> 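I'd like to ask some things about the structure below.
Computed from a predicted model, the values in this text were never measured in an experiment. Labels below follow one simple rule: chain letters A, B, ... track the order of the sequence lines, proteins then strands, and each chain is numbered from 1.
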There are 2 protein chains.
Amino acid sequence: MSPRRSVAEALGTRAAILDRSVAVASVEGLEGLTIGRLAAELGMSKSGVLGHFGSKEALQLAVLERADGIFLAEVWEPAAPAAPGLVRLRVLCEAWISYLERQVFPGGCFFVAAAHEFDGRPGAVRDAVESRFEAWRRRLGKEAGRAVDAGELPAGTDPEQVVFELLGVVMALNHAIQLHGDQRAAARARRAVETRLMPAGERPA
Amino acid sequence: MSPRRSVAEALGTRAAILDRSVAVASVEGLEGLTIGRLAAELGMSKSGVLGHFGSKEALQLAVLERADGIFLAEVWEPAAPAAPGLVRLRVLCEAWISYLERQVFPGGCFFVAAAHEFDGRPGAVRDAVESRFEAWRRRLGKEAGRAVDAGELPAGTDPEQVVFELLGVVMALNHAIQLHGDQRAAARARRAVETRLMPAGERPA
DNA sequence: CCTACCGATCGGTAGG
DNA sequence: CCTACCGATCGGTAGG
């Protein structure tokens, strides 16, 4: 009848564990995230940490969900008010580049890192990462398709091709920042996006 | 005066360890590569494996060197006979795409994976990965520069911008193959390279 | 949420 | 190249 911790306190603890986990996993990876280290950093026991999730895999899935919330708040939401089609696609790309430039996650894009870590290991974590990317590509593809339909991009442009190339630009930027600490890369990424999203009729000869 | 194993046998063992290591690390990562697992798979003792390298980090560096040899043989050497400039750059990109399509390393591009694994951890492995990428970017940049100088690419084209964008295309391809098993991605990558390496004067309006 | 514990595995060493 | 071993750490559980 009188739990030692209130529901609010338990939720606060859970949130604190997830915040710390996102920060650690961003740099060390979702496997490098260990219960023991997490417990020590939070001044808790290992079983105290694990009790909130049940298993390491469940913790990893919760961390992924938390990271997705941050990503959507940083990249998708700022673009939502923009006009659908080419304008929104450009705003999305700018928010995406800015998210990497500002190092919202200290280890770079959380999902790109998770994709590389888990693409060779079947399981729930891999499936979750894959479905996040698919959802994101659908979102971008929808805007690219609208831009083509509205005549803002050249007729015959394949929206999925555009999304593929934009994803590549962002991955190259993430790589340049994280591995080389290259600050000029953001300007390169912006230039590449600009070229790729040049409106119909404005292409240079 | 009479070692239990001849020098040739020791070199053969070392090569066998490295072959196995490259295959494992390609999928599980350079940290996921463990001495104990390697020993079990090779029917050796842990100290037998470790004796050839001295430490896990030294093993990782040797594995990286081995992977680099494979990469150069698969991607650089086929392009060496091609004419310098735009032709060689195109042949390089085709070999690079083919290397990913054929999954020369079962886990995808060894260096992209290693970059993500180590970009947040200072040390000799990280430095080695970074210098491999720099060498590769210099090679590509040199060909791109020649193509610009020869008028094969539009005047004013920034060779480093070209390299940045090509790296992005390849990274997007690697991602699509490894995470999504998307076989159409190679065609997308070829299309993107073709657009990016369109000769001066052949750009569509 | 804790203490106390489990078996497994890690990288590495001693000594041969 | 082996056996035998080291301390440390892993994810997870029992019991409270």
Side-chain angles (χ1 to χ4, degrees), chain A residues 1-21 24-25 27-64 114 117-118 121-126, chain B residues 1-21 24-25 27-64 114 117-118 121-126:
Chain A
M1 293 299 183
S2 60
R4 275 178 285 183
R5 295 287 185 275
S6 71
V7 171
E9 280 171 325
L11 286 176
T13 303
R14 192 188 141 99
I17 295 171
L18 287 178
D19 281 343
R20 193 85 208 103
S21 296
V24 172
V27 175
E28 317 272 352
L30 278 166
E31 275 298 323
L33 184 68
T34 73
I35 317 286
R37 174 181 168 178
L38 217 44
E41 288 182 4
L42 291 162
M44 294 172 65
S45 67
K46 289 200 302 172
S47 68
V49 171
L50 206 49
H52 283 275
F53 306 96
S55 70
K56 179 167 180 176
E57 189 180 61
L59 168 63
Q60 290 171 326
L61 291 169
V63 171
L64 222 41
E117 197 176 359
F118 283 89
R121 316 181 196 178
V125 176
R126 190 218 141 96
Chain B
M1 296 296 185
S2 61
R4 275 178 283 185
R5 294 287 187 275
S6 71
V7 171
E9 280 172 324
L11 286 176
T13 303
R14 192 188 140 98
I17 295 171
L18 286 178
D19 281 344
R20 193 86 208 100
S21 295
V24 172
V27 176
E28 317 273 352
L30 279 167
E31 274 298 323
L33 183 68
T34 73
I35 317 285
R37 176 182 167 176
L38 217 44
E41 288 183 3
L42 292 162
M44 294 172 65
S45 67
K46 288 199 302 171
S47 68
V49 171
L50 206 49
H52 283 275
F53 306 95
S55 71
K56 179 167 180 178
E57 189 181 60
L59 167 64
Q60 290 171 326
L61 291 169
V63 171
L64 222 39
E117 199 175 359
F118 283 89
R121 315 182 196 179
V125 176
R126 191 218 141 95

> In chain order, what residues pass the side-chain contact (heavy atoms from CB on, under 4.5 Å) check against Ala58(A), with sequence neighbours excluded?
Phe53(A), Ser55(A)

> Taking the side chain as everything from C-beta on, heavy atoms only, tell me whether Leu59(B) gets closer than 4.5 Å to Leu18(B).
yes

> Just to verify, what does Arg126(B) make a side chain to side chain donor-acceptor pair (under 3.5 Å) with, not counting sequence neighbours?
none

> Hey, can you pull the residues of residues 51-60 of chain A with a non-hydrogen atom under 4.0 angstrom from DNA chain D?
Ser55(A), Lys56(A)

> If every non-hydrogen atom of Leu61(A) is compared with every non-hydrogen atom of Ala124(A), which pair is closest and at what distance?
CD2-O, 3.7 Å

> Quick one: Ile17(B) CD1 to dC1(D) C1', roughly how many Å, whole number?
10 Å

> Supply the atom-to-atom distance His52(B) NE2 to Ile17(B) CD1, rounded to the nearest 0.5 angstrom.
4.5 Å

> So what is the 5' to 3' dot-bracket string for DNA chain C, if pairs are Watson-Crick or G-U wobble with both distances under 3.5 Å, crossing pairs use [ ] and | means the partner sits on another strand?
||||||||||||||||

> Checking the side chain of Glu41(B) only, and the main-chain atoms of Arg20(B) only, is there a donor and an acceptor separated by less than 3.5 Å?
no

> Side chain of Gln60(B), backbone of Val125(B): donor and acceptor closer than 3.5 Å?
no

> Got a second to check how far Asp19(A)'s CG is from Arg14(A)'s CZ, nearest 0.5 Å?
11.5 Å

> Heavy atom of residues 27-39 of chain B under 4.0 Å from DNA chain D: which residues?
none

> Under the side-chain contact (heavy atoms from CB on, under 4.5 Å) rule, collect the residues that match up with Leu50(B), sequence neighbours excluded.
Ile35(B)

> Would you mind listing every salt bridge (charged side-chain N to carboxylate O under 4.0 Å, His left out) that reaches into residues 46-58 of chain A, with sequence neighbours excluded?
Glu31(A)-Lys56(A)

> Where along residues 40-49 of chain B does a heavy atom come under 4.0 Å from DNA chain C, residue by residue in number order?
Lys46(B), Ser47(B)

> Rounded to the nearest 0.5 Å, what separation is found between the OG1 atom of Thr13(A) and the CE atom of Met44(A)?
6.0 Å

> Nearest 0.5 Å please: distance from the OG atom of Ser21(A) over to the CD atom of Glu28(A).
12.0 Å

